[in-house]
Amino acid sequence: MSGQSTTRTVPGSGGSGTARSGRTGQVLSNVAVALGLVLFLGGFAWGAVVYLPYTVPTTSMAPTIDAGERVLAERVDGGEVRRGDVVVFRDATWSNAPMVKRVVAVGGDTVSCCDNGKLTVNGKEIDEPYLPDDPMARSAVFPEVTVPKGRLFLLGDERSGSVDSTAHLTDAASGTVARDAVQARVDAVVWPMDGMLAKPAGFQALGPLSTPGPLPSMLAVVVGGAVLVLAGAAYGPLAKRAAASRARRATGSTGGR
């Protein structure tokens with residue numbers, strides 16, 4: 001029996017173990033792709049339900065939002081609106097189209113401008129760092145107005161050129177808008193990608209501010225889903241390449257005996 005060789009396979013190793021590992025990897029890959037698609041599409045569906053996209057047509061909210069920029073506004077009830085919020089609203093006496101302005105006073109507040117160059121609400125001067133640097137663009141002098149219950153007083157951040165509450169002071173409601181006219185609250189500028197609006201901290205002394213919507217969480221869900229889809233889809237080609245590499249090494253080892 002000299003000259004003959006016998007090849008034995010150690011139980012639990014070699015081809016059968018590799019095959020089981022490959023099947024497990026493929027199952028995990030399929031699960032990752034399926035879960036990733038659910039997260040990816042679910043994130044967009046979530047956004048479509050919660051947010052309203054809107055293109056701002058004028059410079060009245062500059063420099064916070066410039067003309068032609070696209071925003072995402074969270075659909076909210078008018079009762080949830082607080083001082084400092086940038087809102088999308090529609091009022092028939094103002095315009096038939098949706099408008100974007102900043103809420104500077106709510107029902108029961110007194111508001112005027114401008115002592116020491118600053119907006120005054122309930123006797124407190126409001127720090128507004130989001131206004132333009134140009135003093136002329138910041139000016140919107142108007143006498144004290146008491147906002148009726150259930151209504152809002154709104155200004156553009158570009159005060160000198162904004163058609164806002166100051167342009168409607170002679171109206172029956174003294175330039176105010178009903179809370180239920182609000183359709184949504186702006187969370188972020190998404191085109192160009194300027195991100196979330198800055199917190200209007202100057203109004204914090206007058207009461208609690210609004211909490212931003214779930215946009216960051218939605219983005220995390222969409223990105224996480226995309227990563228899972230790509231990782232799962234990449235498993236097949238990578239596994240085949242690894243198997244081919246092992247086969248070449250095995251062939252080379254056998255040929256060298």
Side-chain angles (χ1 to χ4, degrees), residues 52 54 56-62 64-65 71 73-132 137-187 197-213:
L52 173 73
Y54 182 70
V56 178
T58 71
T59 60
S60 68
M61 282 299 297
T64 304
I65 310 169
V71 302
E74 183 185 7
R75 302 173 195 268
V76 296
D77 182 84
E80 300 175 52
V81 174
R82 294 175 177 171
R83 302 176 191 88
D85 288 348
V86 177
V87 298
V88 180
F89 68 98
R90 186 192 293 266
D91 187 292
T93 62
W94 287 35
S95 170
N96 289 324
M99 303 181 72
V100 177
K101 305 293 179 188
R102 188 180 297 274
V103 176
V104 297
V106 300
D109 288 347
T110 57
V111 56
S112 63
C113 194
C114 293
D115 293 335
N116 299 320
K118 289 188 175 184
L119 182 75
T120 301
V121 181
N122 296 341
K124 297 182 181 296
E125 293 182 355
I126 307 300
D127 185 27
E128 299 183 278
Y130 43 76
L131 296 182
R138 299 165 65 102
S139 62
V141 179
F142 60 92
E144 184 174 274
V145 173
T146 298
V147 182
K149 293 293 184 181
R151 301 188 70 85
L152 306 168
F153 197 89
L154 305 108
L155 299 177
D157 286 356
E158 204 285 295
R159 301 278 158 88
S160 64
S162 175
V163 181
D164 50 32
S165 288
T166 60
H168 295 270
L169 291 176
T170 57
D171 294 352
S174 302
T176 63
V177 169
R179 278 184 175 271
D180 59 13
V182 173
Q183 298 175 328
R185 180 175 55 224
V186 177
D187 258 4
L197 297 190
K199 184 177 181 181
F203 292 92
Q204 200 156 17
L206 299 174
L209 304 179
S210 293
T211 301

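Side chains included, hydrogens not; waters and symmetry mates left out as well; all remaining heavy atoms used. All residue numbers refer to positions in the sequence shown, counting from 1.
Residues Thr58 and Ser60 bring a donor and an acceptor atom of their side chains to less than 3.5 Å of each other.
A salt bridge is defined here as a Lys NZ or Arg NE, NH1 or NH2 lying under 4.0 Å from an Asp or Glu carboxylate O, and Arg102 with Asp157 meets this definition. Between Glu128 and Arg159, at least one side-chain N (NZ, or NE/NH1/NH2) sits under 4.0 Å from a carboxylate O, which counts as a salt bridge.
Residues Lys199 and Gln204 meet the side-chain proximity criterion, which asks for heavy atoms closer than 4.5 Å. No side-chain heavy atom of Val81 sits less than 4.5 Å from a side-chain heavy atom of Val106. Looking at Val111 and Thr120, their side chains never come closer than 4.5 Å, going by heavy atoms from C-beta outward. Side-chain contact check for Phe203 versus Val104: some heavy-atom pair is nearer than 4.5 Å. Within the 4.5 Å cutoff, the side chain of Leu155 has no heavy atoms near those of the Ser162 side chain. Counting heavy atoms from C-beta on, the side chains of Val147 and Leu152 never come closer than 4.5 Å. Residues Phe89 and Leu154 are in side-chain contact: their nearest non-hydrogen atoms beyond the backbone lie under 4.5 Å apart. Between Val87 and Val100, every side-chain heavy-atom pair lies at or beyond the 4.5 Å cut-off.
Rounding to the nearest 0.5 angstrom, the gap separating the CG atom in Leu119 from the CZ atom in Phe142 is 5.5 Å. Gln183 contributes atom CD, which lies 5.5 Å from atom CZ of Arg90 (distance to the nearest 0.5 angstrom). Thr64 OG1 to Glu158 CD: the interatomic distance, rounded to the nearest 0.5 Å, is 11.0 Å. Taken from NZ in Lys149 to CG in Asp109, the straight-line distance is 8.0 Å, to the nearest 0.5 Å. Taking CZ of Arg185 as the reference point, atom CG of Asp77 lies at 10.5 Å (rounded to 0.5 Å). Rounding to the nearest 0.5 angstrom, the gap separating the CH2 atom in Trp94 from the CG atom in Asp171 is 8.5 Å.
For the pair Asn122 and Gly108, the tightest heavy-atom approach, listed with the atom from each and the gap, is OD1-O, 4.5 Å. Leu209 approaches Arg82 most closely through the heavy-atom pair O-NH1, 3.0 Å. Leu206 and Arg83 get closest at one heavy-atom pair: O-NH1, 3.1 Å. Considering all non-hydrogen atoms of both residues, Asp187 and Glu74 come closest at OD2-OE1, 4.2 Å. The heavy-atom pair separating Ser210 from Asp85 by the smallest distance is OG-OD2, 2.7 Å. Smallest separation of non-hydrogen atoms from Asp127 and Lys118: OD1-NZ, 4.3 Å.
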message = For a side chain to side chain contact (heavy atoms under 4.5 Å, CB included) check, start with the C-alpha distance between Met61 and Val186, then their side-chain angles and the critical distance, and finish with the verdict.
response = CA-CA 12 Å; Met61 282 299 297; Val186 177; over 6 Å; no
inquiry  = Does Phe153 form a side chain to side chain contact (heavy atoms under 4.5 Å, CB included) with Thr110? I'd like the steps, not just the answer.
reply    = CA-CA 10 Å; Phe153 197 89; Thr110 57; over 6 Å; no
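Here the options are Thr93, Asp91, Val103, the test is side-chain contact (heavy atoms from CB on, under 4.5 Å), and the partner is Val177; only Asp91 passes.
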